[in-house]
Amino acid sequence: MSSRWFPCLSSPPPHLLLLVRQQSLVSASIPELLSFSSSTNQNLPRLSTSTLVPPSNDVNVYITTWSVVFQLFKLGPVESVCITVDSETSSKKEFCDWNFSEVLSDVCLTTSFLLSQKSYSRGITIRFRTEDESKAFHCAFEQWKNEVIGGSAGECLENGSLLTSRSKFDNKIEAASAKMYFHYYGQLLHQQNMLQDYVRTGTYCAAVIENRADFIGRVVVDVGAGSGILSLFAAQAGAKHVYAVEASEMAEYARRLIAGNPSLAQRITVVKGKVEEVELPEKADILISEPMGTLLVNERMLESYVIARDRFLVPKGKMFPTMGRIHMAPFSDEYLYVEVANKALFWQQHNYYGVDLTPLYGPAFQGYFSQPVVDAFDPRLLVAPATFHTIDFTSIKEEDLYEIDIPLSFIASVGTRVHGLACWFDVLFNGSTVQRWLTTAPGAPTTHWYQLRCVLSQPMYVMAGQEITGRLHMVAHNAQSYTMYLTMSAKMWGAGAEQGGILQTSSCKLDLKEPYYRMSQPQAYAWSQDQQPHQLVHAQDIPIQSQDVVGPGLTPPSQNSAAPLNR
């Protein structure tokens, strides 16, 4: 491999700053090396028209310097300049301002410096082929600053490597999924759908306004601000300043909405970008966000919420919401099971325009049962008291959300056929004044999250008092959701049950990214003699009329997570 060196300073130093493959560049613009004394207090003259280096194979650009004080600035989407300051006193920071403005004609630069009399400046401008390559160069430069500077002489990035400008979000989420995700939330009609969920929006408003003591005079970061409604609530509660971070095009709408409320707008700044990438001028005393998806974890925004906590929140700062719980209980719903199973009947046709479709019946049958069902159901369908899995947003690590493993154990309240596992979630706003819950439980006012049910392709028979065990294992994938692995088993019961043993096991694999949205009204269920309504359990473990938590703990008022329907 042949290489050419283009030093931006004389006397090549022992430190190698940066190496970028020439293939990523259309040209490297190398202006005349400038050296001047600031004693004249004159502006830096325009850089003369650059000498273009024609692209050739295996040509590398090296930027070298022995000066510690340097900066890399963008002139435009595909143009950058690296400026170094050589001064005996530069380490004392005897310069106070670098003010750059792009000159649209040629690749030129007008620069104003306030430097000590012994400071000098030299620079190099670089033109890239695409904006992505420009980002890659800046990413490599930043990595060098973080990893190389201060190291041993001669340290450098790997020869010939081109680092891409990818954040933590980009590294774990596929680009197509992210594009669709931000496109979806960048539309007002979807924001309206969430705003019109009055359980959701009203609970957030009450949690903020009733806890003014947590917001008055405090700095707030709104993670995934959307339309900016939560930022406006925080400002109404007396926040000193709110940073509304939003990565989608909804950021522009948020600016318009906030500007339309001038009494609050002066204390709100909209920051367009991902929380994994943006920089804020100060730390937050409190985070507020609506990071919940279906089954709490869908869309994987909880991870961004945790990253924002680690990046922006002061120690012991507050988070609204503070914690979440995933609730689960076995259910019996013959209507739902038949509905899902019948979807595959299409593939049982032996003569579909002369074609036998039956070879695909088996895969189609399993495919329909791989879809979690999202709808609102009657809580009387539950056949055992619910259990729950807690996620504490204030302490959980981001990596702990990559895999969620929940052991299952229930005692059947009735004898019936179990068709799967019903799930829902709630979150707690642990305010200093009022502790308020937002729940999506069956029997509570319906939210836009509804509830979720995992339907087994092979139902199980259980008797009253029989133990149901199993496991719900969720593995995150790069389409911003989870693959769910559910196993449920009916253990021995009656005489000899203490000896253990499994009578029947059923399992399924589901994709939380591809649910079946079943928005039909609940059916009128007929109950058998041994399945009277008073025997069934009520899923709602938080009284609907009471939102406040009593006492210092985080447990809702009702300690009975499966109160009878006729209480």
Quick one: does [X]'s side chain get under 4.5 Å of [Y]'s, heavy atoms only?
| X | Y | answer |
| --- | --- | --- |
| Thr130 | Phe128 | no |
| Leu295 | Met474 | yes |
| Val373 | Tyr517 | no |
| Thr446 | Asp197 | no |

Q. In chain order, what residues pass the salt bridge (charged side-chain N to carboxylate O under 4.0 Å, His left out) check against Lys272, with sequence neighbours excluded?
A. Glu249
Is the Lys NZ or Arg CZ of [X] less than 6.0 Å from the centre of [Y]'s six-membered ring, within 45° of the axis?
| X | Y | value |
| --- | --- | --- |
| Arg325 | Phe388 | yes |
| Arg417 | Tyr337 | yes |
| Arg309 | Phe393 | no |

Under 4.0 Å between a side-chain nitrogen and a carboxylate oxygen: does that hold for [X] and [Y]?
| X | Y | value |
| --- | --- | --- |
| Glu246 | Arg255 | no |
| Glu303 | Lys172 | yes |
| Asp511 | Lys513 | no |
| Asp375 | Arg453 | yes |

Side chains of [X] and [Y]: is there a donor and an acceptor less than 3.5 Å apart?
| X | Y | answer |
| --- | --- | --- |
| Gln349 | Thr358 | no |
| Asp426 | His327 | yes |
| Thr416 | Ser332 | yes |
| Ser231 | Asp222 | yes |

**Q.** The single option from His419, Met488, Gln504, Glu334 passing side chain to side chain contact (heavy atoms under 4.5 Å, CB included) against Pro459
**A.** His419
Q: Give, for atom CG of Leu408 and atom NE2 of His473, the distance between the pair rounded to the nearest 0.5 Å.
A: 12.5 Å
Q.
Just verifying a value: how many Å separate Leu382 CG and Asp333 CG, rounded to the nearest 0.5 Å?
A. 10.5 Å
Q: Go through the structure and list residues passing ring pair (Phe, Tyr, Trp, His ring centres under 6.0 Å) with Tyr253, not counting sequence neighbours.
A: none
Taking atom [atom1] as the centre, does [X] end up with more than 12 heavy-atom neighbours from other residues, nucleotides or ligands that are less than 6.0 angstrom away?
| X | atom1 | result |
| --- | --- | --- |
| Phe346 | CZ | yes |
| Gln458 | CD | no |
| His183 | NE2 | no |

**Q.** Aromatic ring pairing Phe365/Tyr361, orientation class (parallel under 30°, perpendicular over 60°, tilted between)
**A.** tilted
Q: Can you sort out the partners of Tyr184 under side chain to side chain contact (heavy atoms under 4.5 Å, CB included), two or more places apart, ordered by chain and number?
A: His190
